[in-house]
Structures are given as structure tokens and as C-alpha cells.
Amino acid sequence: MKPIESQKANLLSLYFLAFCIAFLFTNCQSQKPTSTQTEQKDPFALRFIGEKIIPFEEKFGENEQKMTVGGLSAIDYDNSTDSYYLLSDDLFDENGLLRFYTAKLNYTKDSFEELKINSVNFLKQENGKFYPKKNEGTKIADPESICFSSKSSTLFWSSEGDRERNIVPFIAEMDTNGNQIRKFKLPKHFIDTTQNKGWYHNAAIESMTFSDNENKIWFLSETALQQDGEMTKNTEGIFPIRLIGLDRKTSNFEQEFVYLAEPVAKEPIPQTAYGLNGIVEILEWKTDKNNTQFLVLERSYSQGYQADGGTVVKLFLVETKNATDSKNIESLKNLIPNKDYIPLKKTLISDLSKMNLNHVDNIEGMTLGKMLANGNKTIVFVSDNNFSPKQKTQFLVFEILE
């Protein structure tokens, strides 16, 4: 028999060992996610495939229809023909007409091999005439977004209008030859031209997309409406922008949600110089009974930086689940997000400015491109060079890794 003191020592050792095991087990259990603490996983990632640049002042067309390729503010993909529609938002040439192109983009998961423009067509007014040339007078439309409908094989495009000249924004449907079919009726609170209401000048419908079944059209303005707050010109603040849903067949105003835009990404140099962050494109990503997801592209620009250092381009995933339908909210200006209304949930997918690309220009267009041989989706971005030799008409292609 062991001495009593030895037995006590052994018992103490056993108690200590049991305590350590219980502590470690409890601690490990506490590190596991609970129902309210879940591991965050990125919805998907982008892998860069390649880039193509259209040289400045490159022209396309024949005879009097030969015009400079540039000012590309939008792009959309037609899967049935494996072709892309490109919308030009300015005139530039003296004989320039508002126009859109078709193009072929040849790429694999390993390289972006070729960019080829195949045709040019011209936007027409309701009376069947072309919009005025640059040398014919006042510009009366400002094309910004384009969507191809696989359901009707027609195109839908948006114009920003001109607040200073009281030309209201619009969305129009046209055939693939540019003949206008109809215009949509837009909600009054969006096109209102009374003081402190409606869109800001040069900041109306920059982005537009179809719902998955193409029964609805969604659009966003570049910045807030006047009744909702200031333009996104500051590096801090709250900037609510209305995501508006219209019935494609009737133009009926069906739904509306609030998207909170980011502030200007970089302080302009000097601080009094120009800076603006805007929503430049939207795509519907996925939808189910209780939730619709969108991809939203924001582009921030600040003066005073070398080369493209003042440009920041971010891609967000946005969800409607639990968001407030803001259709009946007259003004968002003095309301507090997540208290007075629930905005759309945002998740940053990618900051293109931090992807080690050689250059990120004034990206304005975005579309889901063709499927790769491995079954993965692709996304294509295009920049608007504003017909400036200091900027580029840039196409960037990425593989989507889900």
C-alpha cells in the first residue's frame, strides 16, 4: 500500500488532467460556427484571362459611315450568335451618328486571342430618322446602357437625357438595325424636372439589366436622385440610389430597392478638384423565390493622380432578400439605413484596381460572356475612352470561379 500522501498526490494529478481535457474540449467546441456565427465564403472570384485595346482614332465603316470607334459605354452578349453589342455614347466625328457595333471576342481560359468589330448600325428616333450628327446641331440623346433580349431578338438601350436642356432620360426598344420600336414610361419621381427632384444632370440611367426570365427591366441612376441626397462627390457620407424594376410588357413600375453607393475612393488633388463615384452597370446574377442577386459595377474617379491612379473600379454582389421596397418612400434624404429602411445587401467581389493589371481605364460596360470549355462563366468589361488620346478603349476578360 502506498503512503496516504502519495495517494493524495495521485488524485490531484488525475483531477488536473481531467480539467485540462475538459478545458481543451470546451475551447475547441467554442471555435466552431454557431447558427448566428457562420463562416464567410466569397460567392465567387475572378481570374484574369486577357486584355485587348482598340487604338485611338481607329475607324470602322464605309464611305460616309466610316466613324471613329470609341466612347463605348455599354456591352452585351448574344449567346445565339456568339457576338457582342457595343454602344457608343458620343459623336466625336463631325459626321458622327449615335451608333452601336457588333463584335466578336475570341478567347479561351488561357488567352484573349482576338477582338474583331463586324458591323455598325445607327440609332433611330421614333420618326425613323437618325439622331442628329455632330455638325447638324444639338445632341438629343446620350446612350449609356444596352441589353440584348434573347426572347424577342431586339435591343433595349437607355439615354441619360440632358437636365440642363430639360431633355428627360428614356429607355427604348429597337431592332438590331437600330429602328426604334417603342419607349418605356419611366416613374414620375425619376424623371421629375421640378426643383430638387429627379435625376442629376449627366447622372441618369447608366446601368440596366433584364430579369432572368426577361419579364422585368431593372435600372439604376449613376448617383442619387435629387430628392434623396447629394451626388456621390465626397469621400464620406451616405449615398442612396434607387434600383427600379419595370414590367417589360406594360412599363408598370413594380418594385424598387435602395442601393447604397460607396463614397469617392480617393481624395482629389487638390481637395477642391473633381471627384465622383458612380454606378456604371448592373447585371442580374441569380434569382429564386425569395431573393434576387445582381452584380453592380461602381467606378470612382478623382483628379490629380498620374496616369489612371485616380480610377477605382469595384464589382459588388447585391441581394434583395429582406430589403425594403422603397416604391412609396418619397425622399430618402433624412432617413437612416437599417433603421428607417433596409438597403440591399452588398458584398465586394473584386477591386479591379488591385488585381495587378497593367492599366484600368474608365470602365463603364459589363456583360456575362460566353461559357468556357471547362464549363465556367466569363465576364467582360469595356471602357469609355471619352474620345481622348489620354484614355484607352479597353476590353478585359475574366473567368468566374464559383
Side-chain angles (χ1 to χ4, degrees), residues 38 40-44 46 145 147 158 186-187 189-190 199-200 203-213 215-232 234 236-247 253-265 277-300 312-351 366 368 379 400 402:
T38 56
Q40 279 297 103
K41 183 181 178 182
D42 291 338
F44 62 85
L46 300 184
S145 189
C147 295
S158 69
L186 300 184
H189 69 292
F190 187 88
W199 84 104
Y200 282 98
I205 311 173
E206 282 271 344
S207 54
M208 182 174 65
T209 188
F210 284 125
S211 60
D212 184 59
N213 58 14
N215 289 338
K216 186 180 292 185
I217 293 175
W218 294 98
F219 69 92
L220 283 160
S221 54
E222 186 174 3
T223 69
L225 299 179
Q226 294 193 30
Q227 64 264 33
D228 295 330
E230 299 178 344
M231 295 183 75
T232 322
N234 300 315
E236 57 183 28
I238 298 173
F239 304 100
I241 301 177
R242 297 175 187 252
L243 171 60
I244 296 173
L246 305 178
D247 182 273
F253 176 27
E254 292 194 335
Q255 277 182 299
E256 182 183 272
F257 300 101
V258 181
Y259 178 89
L260 296 181
E262 302 294 293
V264 173
N277 182 53
I279 313 304
V280 291
E281 198 51 276
I282 183 172
L283 298 172
E284 185 166 303
W285 174 240
K286 293 179 180 179
T287 188
D288 60 34
K289 185 178 179 181
N290 300 312
N291 190 28
T292 300
Q293 296 180 329
F294 299 93
L295 300 180
V296 175
L297 192 65
E298 296 193 30
R299 179 219 49 220
S300 178
V312 175
V313 179
K314 295 180 180 180
L315 179 66
F316 293 92
L317 179 71
V318 177
E319 302 183 63
T320 63
K321 188 176 182 179
N322 299 324
T324 302
D325 189 330
S326 55
K327 189 166 64 170
N328 296 318
I329 299 178
E330 188 173 330
S331 172
L332 299 165
K333 185 174 290 185
N334 297 314
L335 302 186
I336 301 172
N338 295 309
K339 180 184 176 183
D340 298 317
Y341 64 89
I342 306 299
L344 295 163
K345 179 185 174 184
K346 287 176 67 175
T347 302
L348 177 65
I349 297 297
S350 180
D351 182 343
M366 168 178 73
L368 295 174
I379 191 166
I400 296 176
E402 293 188 80

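We count residues from 1, following the sequence as given.
A distance of 13.5 Å separates NZ in K289 from CG in N291, rounded to the nearest 0.5 Å. The line from OH of Y259 to CD1 of I282 is 8.5 Å long, rounded to the nearest 0.5 Å. For the atom pair D351 CG and E262 CD, the distance stands at 10.0 Å (nearest 0.5 Å). Atom CD1 in I279 sits 14.0 Å away from atom CZ in F219 (nearest 0.5 Å). Here the OG-CG distance, from S350 to L297, works out to 10.0 Å after rounding to the nearest 0.5 Å. Note that the CD atom of Q227 and the NZ atom of K333 stand 8.5 Å from one another [nearest 0.5 Å].
Of all the heavy atoms in F210 and C147, the pair that sits closest is CE1-CB, 3.7 Å. Between V264 and N277 the shortest heavy-atom distance is CG2-N, 3.8 Å. In plain terms, the two heavy atoms of Y200 and A224 that are nearest each other are CD1-O, 3.1 Å. Heavy atoms only, all atoms of each residue included: S221 and F190 are closest at CB-CE1, 3.8 Å. Smallest separation of non-hydrogen atoms from W199 and A204: CD1-CB, 3.5 Å. When all heavy atoms of L348 and L315 are compared, the pair lying nearest together is CD1-O, 3.6 Å.
Judged by distance alone, with hydrogens and angles left aside, the side-chain atoms of D325 form no donor-acceptor pair with the main-chain N or O of Q255 at under 3.5 Å. Using a distance-only test at 3.5 Å, with no hydrogens or angles considered, no donor-acceptor pair links the side chain of N234 to the main chain of E236. Put simply, the side chain of T320 gets close to the backbone of T292: a donor and an acceptor are under 3.5 Å apart. Looking at K327, its side chain does come within 3.5 Å of a backbone N or O of E254 through a donor-acceptor pair. Under the 3.5 Å distance criterion, the side-chain polar atoms of S158 are matched with a main-chain donor or acceptor of S145. Side-chain atoms of S300 do not come within 3.5 Å of backbone N or O of V312 as any donor-acceptor pair.
No side-chain heavy atom of K345 sits less than 4.5 Å from a side-chain heavy atom of N322. Side-chain contact between L368 and W285 is present, with heavy atoms from C-beta onward closer than 4.5 Å. Counting only heavy atoms from C-beta outward, the side chains of F294 and F257 never approach each other to under 4.5 Å. A 4.5 Å side-chain heavy-atom check between V296 and S207 finds every atom pair outside the cut-off. Between H189 and F253, some side-chain heavy-atom pair lies under the 4.5 Å cut-off. Put simply, the side chain of E256 does not reach to within 4.5 Å of the side chain of I329, judged on heavy atoms. F44 has its side chain within reach of L295: a pair of non-hydrogen atoms, C-beta onward, lies under 4.5 Å apart.
Other residues, nucleotides and ligands place more than 12 heavy atoms under 6.0 Å from the CD atom of E402. Surrounding CG of N334 are at most 12 heavy atoms belonging to other residues, nucleotides or ligands under 6.0 Å away.
Ionic pairing of R299 and E222 is present here: one or more N-O contacts between side-chain nitrogen and carboxylate oxygen are shorter than 4.0 angstrom.
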Q. Please walk me through it: do S211 and E284 pass side-chain hydrogen bond (donor to acceptor under 3.5 Å, both in side chains)?
A. CA-CA 6 Å; S211 60; E284 185 166 303; 5.0 Å; no

Q) Would I238 and I336 satisfy side-chain contact (heavy atoms from CB on, under 4.5 Å), going step by step from the backbone distance to the final call? A) CA-CA 9 Å; I238 298 173; I336 301 172; 6.0 Å; no

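Looking at L220, I217, L283 one by one, the single match for side-chain contact (heavy atoms from CB on, under 4.5 Å) with M208 turns out to be I217.
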